[in-house]
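As structure tokens, the structure follows; a few thoughts come after it.
The figures here come from the full heavy-atom set of this structure, side chains too, leaving out hydrogens, waters and symmetry mates. Letters go in sequence order (proteins before strands), and every chain restarts at 1. Computed from a predicted structure; not experimentally measured.
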There are 2 protein chains.
Amino acid sequence: MTNTAPQRRAHSRTKRPPTIIDVADHAGVSRGTVSRVLQGGHKVSPASQEAVHAAIRKLGYVVNRAARSLVTQRAGSVAFLLSEPQERFFEDPNFTTLLRGCTTALGEHDIPLVLITAGTEAERRRVTPFLSTHHVDGVLLISSHRGNPMIDHLRQANLPFVCCGKPLGERGAMSYVAADDREGAMAMVRCLLESGRQRIATIAGPQDTPGGLERLAGYREMLAEHGIAYDKRLVQIGDYSRASGEAAMHRLLATAPNVDAVFVASDLMADGALTAIERAGLRVPDDIAVGGFDDSPVATAARPPLTTIRQPWDRISEMMVRQLLAQIDGEGPATVILPIELVVRESA
Amino acid sequence: MTNTAPQRRAHSRTKRPPTIIDVADHAGVSRGTVSRVLQGGHKVSPASQEAVHAAIRKLGYVVNRAARSLVTQRAGSVAFLLSEPQERFFEDPNFTTLLRGCTTALGEHDIPLVLITAGTEAERRRVTPFLSTHHVDGVLLISSHRGNPMIDHLRQANLPFVCCGKPLGERGAMSYVAADDREGAMAMVRCLLESGRQRIATIAGPQDTPGGLERLAGYREMLAEHGIAYDKRLVQIGDYSRASGEAAMHRLLATAPNVDAVFVASDLMADGALTAIERAGLRVPDDIAVGGFDDSPVATAARPPLTTIRQPWDRISEMMVRQLLAQIDGEGPATVILPIELVVRESA
DNA sequence: TGCAGGACTGTGCACGTTCACAGTAGAGAT
DNA sequence: ATCTCTACTGTGAACGTGCACAGTCCTGCA
């Protein structure tokens, strides 16, 4: 060792947390060595590593992220960005599952999750500069509607991002993670067919969302597979809300009699449909079988409990985080489609 | 002006965002002046202010938070800390409302919200150093159980924090914001009494949570006000889950006949109670009136829809943020109790 | 004309890291 | 004994900002 003189500045500091210099002094090494240990300990002798670790423990040293960010030009955090009106998400149990999963997955990498809402135009104006100046290293983008203005911003800012669900109307390579909506719809309709139902209607989701489109497509595909002609009177569109489900079911009962099953693109709408069916004096599943989608809490709360499709939200969040971190590390974008699961309860 | 020579360093930078120096050069002023404009523009001539603002707009300058943090010793962000098993919260619609409200309220101050979970011991170990080294300026603490280990950490780290709901078993000054649980319970029981009910039971929440305690206390107080003796056979304890509500109602029906109303400390438990009542062949509200608490989505989904107590979650989050920012600015802790609202539906 | 004082402005330093570079010691080969 | 190579270590310079201090200019008063 050539230099063992204290590198600490002279004036006494009042009560600041220990810095890398304190650790270096304590361990009898230089800042550089401590820094290298912090980065993983390559090119550092075992003795030095041990000394540094001991000093870190003793002093309770924790790296100062601001200082690190300043030099590395990395934020060390990731944004969870809601780019649509918030109600849409915060009322959705899937959303909270997703948020929880992402927080946990990021936490394992010691990366803080920054929650950002950009539902309104005003919020978007406030958020854009924050994102485009690399205050986060990447974005988990939660949005389903066509024409998301945030995607352009993110691309322009050259900020890695991963979408939850397939973004509609976008072209160019883009990372996203999604459940297999089409296969989910097909599984449900198959289930209804196999239980002997003849006239299967559907209440689809908004046709500017991937879920809305894919689930309707799956419905059509499975009917076609069974040689059943597509009857557009059996198709109603809702907006995923309970009220819209009730209204849609009401319309179905009025305009398309003899319906003996309905595949509904969300549990919430399915619950609304149950109400409409009950009001019409019909019974579920005796008169009409009802299939939902999401396996949200309302599925078990509903009377009767809903047969539904479970999406692997825990795996979705895990894969989103994995993809994002890979992109931050320089990898190219990728698409991940995850399998779904049919959950049979009493409604079908 | 004494010095108009460019302060920009000589070597060309590849593609970094503009710095305060770029703005200064562009506006023909010094770093100090730009900094002062950024802080609010005191002691800066109108002409300079205008020039700086123009330069900021033209260059698309955004302050580098890492650099600012480094010198101010402030993070510029706030943590939303879940200090209990996550399921508890993520399944709770109130929680998401709270999270949304806090995000919005903080966003108005341009402060990012960092979501942190510390439900398990392992997570807590990972999170503690992060918190105690001022990587956030304050904490919105979400927890209800007695003996929260995080509170000690936060106090020791001298980090401002505001609790959601009254922390139990803690002493010393502490900020918290809560709804008036006791008054809520009293309002509900008053409502039941006024509709002519005679034997009013209750399914209370866990007695190590403030909601559990206060709502039971309100129940007792209102009965006492009406000269009704407290009958402990009419009291069952649940854990806020649907299943526990169903079980508790089951016990009530078995051991305390003639019950004609029940005040349940959460909507979820109330929904479970509805199931138990239905199974017993009784009708709501004809045979037994049911009052819930929370006005969560299940309240409207339940059959019949629940009469319940709405907590002002939007105001709670708003006040939590306000209190926290005040504390960060040096003010002392404070307690805020907000009024509740009775929502009458069909179950009572 | 001189001077005090207010209004505004510029400059040096510190904040705590990381990184590139320049060492240094020791082992082994010649 | 000298040289080369490996393995490790120390050092200076940046990163972009805020703050304290030291100006400078200008107005108004004696």
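- Atom P of nucleotide dT17(C) and atom NE2 of His134(B) are separated by 14 Å, given to the nearest angstrom.
- Taking atom NE2 on His135(A) and atom C1' on dG16(D), their separation rounds to 11 Å, with Å as the unit.
- For the pair Val23(B) and Val37(B), the minimum side-chain heavy-atom distance is 4.5 Å or more.
- Salt bridge status for Glu108(B) with Arg322(B): absent, with no side-chain N to carboxylate O gap under 4.0 Å.
- Following rounding to the nearest Å, Ile20(A) (CD1) and dG10(D) (C1') show an atom-to-atom distance of 13 Å.
- Atom OH of Tyr61(B) is separated from atom C1' of dG16(D) by 7 Å (rounded to the nearest Å).
- What separates CG of Asp25(A) from P of dG10(D) is a distance of 11 Å, to the nearest Å.
- Atoms CZ and CZ, from Arg68(A) and Arg74(A) in turn, are 11.0 Å apart once rounded to the nearest 0.5 Å.
- Ion pairing between a basic and an acidic side chain is recognised when a charged N comes within 4.0 Å of a carboxylate O; Glu318(A) and Arg315(A) show no such pairing.
- Put simply, CG on Asn64(B) is 14 Å from C1' on dG16(C), counting in whole angstrom units.
- At a non-hydrogen distance threshold of 4.0 Å, Gly32(B), Thr33(B), Arg36(B), Lys43(B), Val44(B), Ser45(B), Ser48(B) from residues 32-55 of chain B come into contact with DNA chain C.
- The two residues Asn158(B) and His134(B) make their nearest non-hydrogen contact at O-CE1, 4.3 Å.
- Put simply, CG on Leu70(A) is 12 Å from P on dT17(C), counting in whole angstrom units.
- Between the CD1 atom of Ile21(B) and the C1' atom of dG18(D) there is a distance of 13 Å, rounded to whole Å.
- In this model, the phosphate group of dG16(D) is not approached by any side-chain N or O of Thr19(B) to a distance below 4.0 Å at OP1 or OP2.
- You'll find a donor-acceptor pair under 3.5 Å spanning the side chain of Arg31(A) and the base of dG12(D), going by distance alone.
- The side chain to side chain contact (heavy atoms under 4.5 Å, CB included) test applied to Arg155(B) returns Ile151(B), Phe161(B), Glu170(B), Met174(B), not counting sequence neighbours.
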